[in-house]
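In what follows, a single structure is set out as structure tokens and then discussed.
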Amino acid sequence: MGPRRISDAGCPGQKNAGRISDAMQEGGGPSVRKRGKRNLWYYIRSFSAILVFCVLVMGGYLYSYFYQTIYKDFQKSNQDHLNSIVAQHENNMKILDDITIQLSLDEDNVEFLLEEQPEKSTVLKQQLYSYHSVSQFFDRIWFFYRGDRYLYSPSTSVDVDRFVGKGLVLQDCTAEKLEEILYDENSRMTVLPEQTADGYLAFNTGSEKGVLYVKLMEPHRNSVVLFLVGEDYYDSLLGMSESEQRQSFICYQGTEVVSRGTLQEDFGKILGQVMEGEGEVQSLSGQQVWKAGREKYLITWEVGESGLIYATAESLKDFQNKLIFSQWGILFVLALCSIPTSIFFRKLSRELAGRVANINVLLSDEKSYDLDSLESGVRSLLEKEKENEDDTQTMRRVLFINNLVQEKFPDRQSVLEEAKKAGMNANRSYYAVILMGDHENSNENEAHKMMLHNIAERSGVDGYGIHLINSGQSLYVLFADSMQELDAATEELFVIGKNNCEEFVMAVSGVHTNLIRASEAYLEADYAYGTRFLVDSGQIIFFKDVKLVEKTTMQPETWIPRFRNTLRAGNELEIKMLIQEMCDKLSYRGQSLLAFRVLCNDIMHVLLTEWPETNVENIYNVFSLSECLTLQDFQDLLLELCMKLTETAPRKEKEEGDFVLEAVAYMKQHYREPELTMAFLAEYLGVSGVTLAVKFKNAFEISPSDYLAVLRMEEAKRLLKETDMQVKEVSQAVGYEDARVFMRRFKKYTGVTPGGFRETWEDAENEK
């Protein structure tokens, strides 16, 4: 007892411990201590059991989730790989169809006898040369007219016997078989699988093998076009990493055309069994696991519009290897989530509790927060806010450049205000649009950052650049105080691009001053960019250097009134005829691709300004216009836009007063009567002429007299097309007693006289 008392008196902590010890002894100390230890182990065992259970459940879930995820990723990677092949190859096959169609449209100039019309051979070879010079798909092109004995290439002509005997010698196709294919009138397309091609007309680029496509020229089937595609193209298209156990191949009519990969199975035969059941194709696309011997393969296939079948087969060993690797990852995660995790959190909670206790003592037991965490949180919020501000400014600049090029600003002041909000100075004397592309094997993002930094460092130049995702291009707009500064900035950007990109193309529009006409500058840059295969793309392609000299010009002012009137009339047939007439005149006058785009852009811009409530963002913008490459593309785009705009006209009639609707109905019923005037109509409706004019103008954005003229002119056009009535009779039938007045107004409305209109219509019908 003595030593214990000394300890109690000498040390308060030991004294308390002694008291607790006394209490434990008095109340059955050993039992209490034993129960405390038991409870502790109970909680440890309970917590461990719960933790193990949770880990097992989580492990099972993770395994199931990883299995499904990895398998879906495996399927998707095969589908994506095949989609990439199909998209590229079908696009090139479409080019072959387009070339064949273009030659068929020029049938009179390509199907001739050499001995009778030798001059046409030069034109034909030049035409073939133009196709060959811009192609990245086929290496050789030949044209053969069965009425003669000669095949034509971009550089020469050769007799059929010499061509099949010495010009193009195929390993697996005899000269007789090749000649038989040339004269075959039944098959629209014949494909000779990849094989060694020799002869003095074969490859001279290093390729030894190739695929030969023979396209029959419709509709008379008198000619064929031959395209030879080298093995280098398919090495690039169907290539893959050496670690993949994959086979990619293309088939046509049950025959394997070309194949690349590391697998040895006859997948051409397997694909036929997968796709067909009881002699019928089960699906034009799909995926299926196929077992060949001891191996299993995931086969993905798709039938293209050209009739070619694209397929890829990958061994399931690749999937199993990925799964095994992931299983080790799951086991590692489970190990981390077990006891070490619980110990870590226990230690962390004790440390946190100690720090909170110390802060409570310092603050006199008042509840507070951890200052370190608070400071760290504040710093994080400030950094996040700065990042958000930078992202917002970037988005503003991207939106400003996008809206500027699409002409969404009504005036110059609006452009300057939005540029200021985006942190840019557009209030300069000149500007130009730059298009960049073909960043192959390059550090494009680093080049983009360097270009933006270079622009920001210049005092007399400002601007910004955005990425055009659909086309894979970059678009920059530069504003400069002088043309010298603009040229210097352009040269610097070109140097940066060349230093960072192995393949780099840069096209620059003309120098412009009108900020609300930036779409024209974009179209100029796009036009210059489109010539990159025909000029030296190792230098800057300036629009001023490649611009075509127009044979004639067509001003939008001559077409916009006719479009307005036709849209207000709401006649779908007349809209189609007007669009066809404009495109025919553009084509007849030899307008360039740029002229088509600029004229269509001007017309569309004015129409959209008059009908701003119509949402056509998904139909038209200047970027979609730059994708129009053929006359049919322009016609389709104009027609779709006009049909959308006509939907707004009927709604306006319902929004105005009853007497305006009554005026419309009365004019539609009595427009053939010469006595119908605006004064008579106002008296009939019981309103003043001024009220009628104002209300009608507010409702339809057209005066009532002009509306009456539209009704009469549209009826006159119908009578001229569908009847043999004389011009004077037509004049009287639509409410004009004086034929001269009618002819003058008809010419103002349509741009041609009534007689000229009838002749144009009859010529168009005869051509059909």
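Sequential numbering from 1 along the given sequence is applied to the chain's residues.
Across Val110, Leu114, Ile141, a single residue satisfies side chain to side chain contact (heavy atoms under 4.5 Å, CB included) together with Tyr152, and that is Leu114. Considering Leu128, Leu168, Val225 in turn, Leu168 is the only one that fulfils the side chain to side chain contact (heavy atoms under 4.5 Å, CB included) rule with Trp142.
Using modelled atom types and a 3.5 Å distance limit, the side chains of Asp98 and Gln102 yield no donor-acceptor pair. Side-chain contact check for Glu90 and Tyr310: at least one donor-acceptor pair (N or O, by modelled atom type) lies under 3.5 Å.
Under 4.0 Å is where a charged nitrogen must lie from a carboxylate oxygen, and between Arg188 and Glu218 at least one such pair does.
Here the closest non-hydrogen pair linking Arg246 and Ser248 is CD-OG, 3.7 Å. Val169 and Gly165 get closest at one heavy-atom pair: CG2-O, 3.4 Å. Across every non-hydrogen atom of Ser223 and Leu216, the tightest pair is O-CD1, 3.6 Å. Nearest heavy-atom pair, Ala202 versus Ala197, reported as atom, atom and distance to 0.1 Å: CB-O, 3.9 Å. When all heavy atoms of Gly147 and Leu113 are compared, the closest pair comes out as O-CD2, 3.2 Å. The two residues Tyr529 and Ala507 make their nearest non-hydrogen contact at N-CB, 3.5 Å.
Formation of a donor-acceptor pair under 3.5 Å by the Asn83 side chain with backbone atoms of Gln79 is found in this model. Side-chain atoms of Gln287 come within 3.5 Å of backbone N or O of Gln75 as a donor-acceptor pair. Remark: the backbone N or O of Ile541 is not paired with any side-chain donor or acceptor of Asp545 at under 3.5 angstrom. At least one donor-acceptor pair closer than 3.5 Å links the side chain of Glu524 to the backbone N or O of Gly510. For Lys544 (side chain) and Val508 (main-chain N/O), no donor-acceptor pair under 3.5 Å exists by modelled atom type. Between the side chain of Arg146 and the backbone N or O of Arg221 there is at least one donor-acceptor pair closer than 3.5 Å.
The shortest side-chain heavy-atom distance between Glu111 and Phe143 falls under the 4.5 Å cut-off. Here the side chains of Leu201 and Thr156 are in contact, with some heavy-atom distance below 4.5 Å. Using a 4.5 Å cut-off on side-chain heavy atoms (C-beta onward), Tyr234 and His89 make contact. Between His132 and Phe138 there is a side-chain heavy-atom pair separated by less than 4.5 Å. Side-chain contact between Val158 and Lys166 is absent, with no heavy-atom pair separated by less than 4.5 Å. Two residues are said to be in side-chain contact when any heavy atoms from C-beta on lie closer than 4.5 Å; His81 and Glu314 fail this criterion. Put simply, the side chain of Glu256 reaches to within 4.5 Å of the side chain of Cys251, judged on heavy atoms. Contact annotation: the side chain of Val224 never approaches that of Asp184 to less than 4.5 Å [non-hydrogen atoms, C-beta and beyond].
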| said: Checking Tyr183 against Phe144 for the ring-ring contact (aromatic ring centres under 6.0 Å, His included) test, could you report, in this order, the C-alpha distance in whole Å, the side-chain angles of both residues, the deciding distance, and whether it holds? | reply: CA-CA 9 Å; Tyr183 284 93; Phe144 174 57; 5.4 Å; yes

| task | Report the C-alpha distance between Ile434 and Met436 in whole Å, list the side-chain angles of each, state the deciding distance to 0.1 Å, and finish with yes or no for side-chain contact (heavy atoms from CB on, under 4.5 Å). | result | CA-CA 7 Å; Ile434 300 174; Met436 307 174 188; 3.9 Å; yes

| field | Full working for side-chain contact (heavy atoms from CB on, under 4.5 Å) between Asn92 and Gln136 | value | CA-CA 9 Å; Asn92 286 318; Gln136 296 181 341; over 6 Å; no

| task | Might you work through the side-chain contact (heavy atoms from CB on, under 4.5 Å) test for Leu226 and Leu182, ending with a clear yes or no? | result | CA-CA 9 Å; Leu226 293 80; Leu182 294 177; 3.7 Å; yes

| request: Would you check, one step at a time, whether the test side-chain contact (heavy atoms from CB on, under 4.5 Å) holds for Ser259 with Gln247? | output: CA-CA 7 Å; Ser259 177; Gln247 192 81 11; 2.7 Å; yes

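Between His448 and Tyr476, the distance from one ring center to the other falls under 6.0 angstrom. Between Phe137 and Tyr233, the distance from one ring center to the other falls under 6.0 angstrom.
In this structure, CD on Gln126 lies 11.5 Å from OG on Ser133, to the nearest 0.5 angstrom. Here Leu316 contributes atom CG and Leu298 contributes atom CG; the two are 6.5 Å apart, rounded to the nearest 0.5 Å. Note that the CZ atom of Arg162 and the OG atom of Ser157 stand 11.5 Å from one another [nearest 0.5 Å]. One distance of note links OG1 of Thr312 with CG of Asp80; it measures 11.5 Å at 0.5 Å rounding. A distance of 4.5 Å separates CG in Asn78 from OG1 in Thr300, rounded to the nearest 0.5 Å. From Lys296, atom NZ reaches atom OG of Ser315 across 11.0 Å, with rounding to the nearest 0.5 Å.
Applying the salt bridge (charged side-chain N to carboxylate O under 4.0 Å, His left out) test to Asp235 and every residue at least two apart in sequence or in another chain returns Arg260.
Within 6.0 Å of atom OH in Tyr200, more than 12 heavy atoms from other residues, nucleotides or ligands are found, so the atom counts as buried in its surroundings. By the neighbour-count criterion of 12 heavy atoms within 6.0 Å, atom CD of Glu115 is sparsely surrounded, having that number or fewer from other residues, nucleotides or ligands.
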List, one per line, each side-chain donor-acceptor pair under 3.5 Å for residues 171-181, sequence neighbours excluded.
residue	atom	partner	partner atom	Å
Gln171	OE1	Thr196	OG1	3.0
Thr174	OG1	Lys177	N	3.1

